[in-house]
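As structure tokens, the structure follows; a few thoughts come after it.
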Protein chains: 2
Amino acid sequence: MPVTLKEVAERAGVSRSAVSRTFTDGASVSDKMRRKVEKAARDLGYSPNALASSLTTGRTKLIGLISNNFHNPIFLEVFDLFTRALQDRGLRPLLVNLSDETDPQASVRMLRQYSVDGAVVASSTLPPGFSKAFRDAGVPVVHSFGRYSSTPQVHVVGIDNVECGRMAARTLVARGYRKIAFLGGPESATSTQDRYSGFFSELGAHRGLTTSYSFADAYSFDAGRREMLRLLRAAPAEAYFCGDDVLSIGALSAIADSGLSVPEDIGIIGLNDMEMARWENINLTTIHQPIRQIVTSSIELMVAMLDEPDRYPEARIFPCSIVERGTLRPLC
Amino acid sequence: MPVTLKEVAERAGVSRSAVSRTFTDGASVSDKMRRKVEKAARDLGYSPNALASSLTTGRTKLIGLISNNFHNPIFLEVFDLFTRALQDRGLRPLLVNLSDETDPQASVRMLRQYSVDGAVVASSTLPPGFSKAFRDAGVPVVHSFGRYSSTPQVHVVGIDNVECGRMAARTLVARGYRKIAFLGGPESATSTQDRYSGFFSELGAHRGLTTSYSFADAYSFDAGRREMLRLLRAAPAEAYFCGDDVLSIGALSAIADSGLSVPEDIGIIGLNDMEMARWENINLTTIHQPIRQIVTSSIELMVAMLDEPDRYPEARIFPCSIVERGTLRPLC
DNA sequence: CGATTTTTTGCAACCGGTTGCAAAAAGAGG
DNA sequence: CCTCTTTTTGCAACCGGTTGCAAAAAATCG
């Protein structure tokens, strides 16, 4: 039983439009009127119904925030950054957990029912087709951490995973590793595929290497640990490029359990540069992904699209860099 | 430019009410009519505007999900569980990040503007007064992980933190530790206060102990690490009850860096039993907090309140239990 | 088959706001 | 003080749905 505009109008003895105008900025109201209305509103504890007004204005300030990764701590930081950035701009995140459901249409329908002004897909695993479905449905969308393409069909903000794969390969080769392996995230993830292809295309340019690969079934500590435990039972490689930092840290845990040590017995390079990577007892050599910039840029793009829905799709790709710590042997 | 009910009505050649009724379950529509309308709707790609209907029905199916902890990985799991549970029931989480803002009124106002059907406060740090503000504003609220009280003013679902403190104290004393300390989370957090008071009230019942305490400034790895590093520079205690598992793990990292070992030199007991706690290279002795049950129960309560907003407030407290692993010395 | 009951349908008002338009009020200028 | 502008205000229609009510249609029954 919240207070309505009509009640405020009656108490202030003015028309409903007058009340509406005092709460719409840019509308023409005299100071006298404004004071009268504000007084009445305060007395009654009125605050306008955002949803009702969205009916006529066509904007809800609701933004769908869609993710399918609720196991990788990096995403807690991502959620933190996204929600703050949205809130700072008066936008509201409607969170969608895609963990099981993966059909874009269901999400699109749901978000349209709630008339979201836009949608942010925050996932390094979903294919471009997923976010495309939003665009097709007329929902402004930006795909954060999505697959890089020189001809993107939707706005993409992220990194060039192929290049990261190459960078990892160059780094391992430079350290003199000859038996080199890729321990990827889920095989179906676009980020896994791209890192894989960059990694092996670069390795292919070098001779005398023994290479192999396998995939963890999720971007999570446990999956990395399990997969590394499995690898250790066979003959492990000299160095691994792990799909990301959580996989790396899971792998490190597995290696420690087996009595082997890093970097003496096995080298590890990760990707993300999450907070934990710099703990002294982890001290992970990794590729830094500029998460804050990606989030900030995604939101800027989203905001721009609110005014200009048909904005030409662009890819914003941020450079990554190697962070040298202690899980690879020194340069020879 | 989404399709509206009116357009569907015109295409099907029926009244708008007919269309509305086919999409409202429990409404009386003949099969013939239903088929006609559904056909037209399908042709046009219509789906009803949830916000418009909320105007008359008074329900948005929007639930505010409020948290101020975006640094503790345990909360990623909490978000995962909450969002799934809500989605399974056709409810939508509107995420509120309280990291900076801490005045309840601002959140209350915002969530009322969006006419949420209810609010879940997921925080072990916010005081009961925070959630009370929602109740006072007529917004059904449940405080998950909130402070236990025998006379709760709002629905509270969680654990008895005082009892957990006692449990930790009993465990440490039983292992023969005499120099015992509390490494709490933020001092202002209700969970910290309760764990502290339970811990020391139990210790007080034993003689010959040396006790001390300090607080980390957040429930995060880094804060735990920093605080333990500080403690190690002075004379550390024999055993620590850490505010929660992330603090424990941060502390373990600090201890490892200092060349000391666990449990030989220092004992640690945590609280939460997060996934990482059972990694073999961490192997943290801790107190298990039944997160899934807390979340499930919170949502059940929320759903019940949607039908019965004035339901008498209750506290649902779940028992915790010690999980013995390797960070305390064996029982003597 | 007609009368009676039950089901289905459409009308019109309403939910809580916004907004184009014209009338009313205020200000400017002579 | 009277015009002419400019600003402020209210009316009424509209946004996309829902719902009570009464009329129309269908079903039941003797």
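Lettering of chains follows the sequences in order, A, B, ..., and the numbering in each one begins at 1.
Formation of a donor-acceptor pair under 3.5 Å by the B:Ser297 side chain with backbone atoms of B:Ile294 is not found in this model. Remark: the backbone N or O of A:Gln193 is not paired with any side-chain donor or acceptor of A:Arg147 at under 3.5 angstrom.
Rounded to whole Å, the distance from OH on B:Tyr46 to C1' on D:dG16 is 8 Å. Between B:Leu5 atom CG and D:dG16 atom C1' the separation is 7 Å, expressed in whole Å. Rounded to whole Å, the distance from CG on B:Leu55 to C1' on C:dT18 is 13 Å. Remark: P of C:dT9 and NZ of B:Lys32 are 7 Å apart, rounded to the nearest angstrom. Atom pair A:Asn49:CG and D:dG17:P shows a separation of 16 Å (rounding to whole Å applied). Distance A:Glu10 CD to D:dG10 P: 13 Å, rounded to the nearest Å. Atoms CD (B:Gln113) and C1' (C:dG16) sit 13 Å apart, rounded to a whole Å. As rounded to whole Å, 16 Å separates atom C1' of C:dT19 from atom CZ of A:Arg59.
Each of C:dG10, D:dT19, D:dG16 was ranked by its minimum atom distance to the side chain of B:Ser20; first place goes to D:dT19. Here the nucleotide nearest the side chain of B:Ser15, chosen from C:dC11, D:dG17, C:dT18, is C:dC11.
Closest-nucleotide positions on DNA chain D for B:Thr24 and A:Ala52 were compared, and the one nearer the 5' end corresponds to A:Ala52.
Every side-chain contact (heavy atoms from CB on, under 4.5 Å) that B:Thr60 has, sequence neighbours left out, goes to A:Leu51, B:Ser54, B:Leu62, B:Ser115, B:Asp117. A search for salt bridge (Lys or Arg N to Asp or Glu O under 4.0 Å) contacts involving B:Lys61 returns nothing, not counting sequence neighbours. With sequence neighbours excluded, the residues forming a ring pair (Phe, Tyr, Trp, His ring centres under 6.0 Å) with B:Phe70 are B:Phe79, listed by chain and number. When the side-chain contact (heavy atoms from CB on, under 4.5 Å) test is applied to B:Arg89, the partners found at least two apart in sequence or on another chain are B:Ala85, B:Leu91, B:Ile299, B:Glu300, B:Val303. With sequence neighbours left out, B:Arg11 forms a side-chain contact (heavy atoms from CB on, under 4.5 Å) with B:Ala40, B:Asp43, B:Leu44. Take B:Thr4 and apply the side-chain contact (heavy atoms from CB on, under 4.5 Å) test, not counting sequence neighbours, and it matches B:Lys6, B:Glu7.
For the side chain to side chain donor-acceptor pair (under 3.5 Å) condition, the pairs that include at least one residue of residues 78-88 of chain A, sequence neighbours left out, are A:Asp80-A:Arg84, A:Asp80-B:Asn97, A:Thr83-B:Asn97, A:Arg84-B:Ser99, A:Arg84-B:Asp100. The ring pair (Phe, Tyr, Trp, His ring centres under 6.0 Å) pairs that include a residue from residues 292-317 of chain B number zero, where partners must be two or more places apart or lie in different chains.
Remark: the A:Arg21 side chain and the C:dG20 base include a donor-acceptor N/O pair separated by less than 3.5 Å.
Nearest heavy atom pair, residue B:Ala122 against residue B:Ser67, reads O-OG, 3.2 Å.
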Where do N or O atoms of nucleotides 4-8 of chain C meet protein N or O atoms at under 3.5 Å, pair by pair?
unit_1 : atom_1 : unit_2  : atom_2 : d
C:dT8  : O3'    : B:Ser30 : OG     : 3.4

Distances under 3.5 Å between protein N/O atoms and the N/O atoms of nucleotides 12-14 of chain D, please, pair by pair.
none

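Side-chain nitrogen and oxygen atoms of A:Tyr114 include none within less than 4.0 Å of the OP1 or OP2 phosphate oxygen of D:dG16.
Each end of the helix from C:dC1-D:dG30 to C:dG30-D:dC1 gets its own rotation axis from five pairs of C1' atoms, and the angle between them is 30° to the nearest 10 degrees.
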List the atom pairs, donor and acceptor, that lie under 3.5 Å between side-chain atoms in residues 23-35 of chain B and the rest of the protein, sequence neighbours left out.
unit_1  : atom_1 : unit_2  : atom_2 : d
B:Thr24 : OG1    : B:Ser20 : O      : 2.7
B:Ser30 : OG     : B:Met33 : N      : 3.2
B:Arg34 : NH2    : B:Thr22 : O      : 3.0

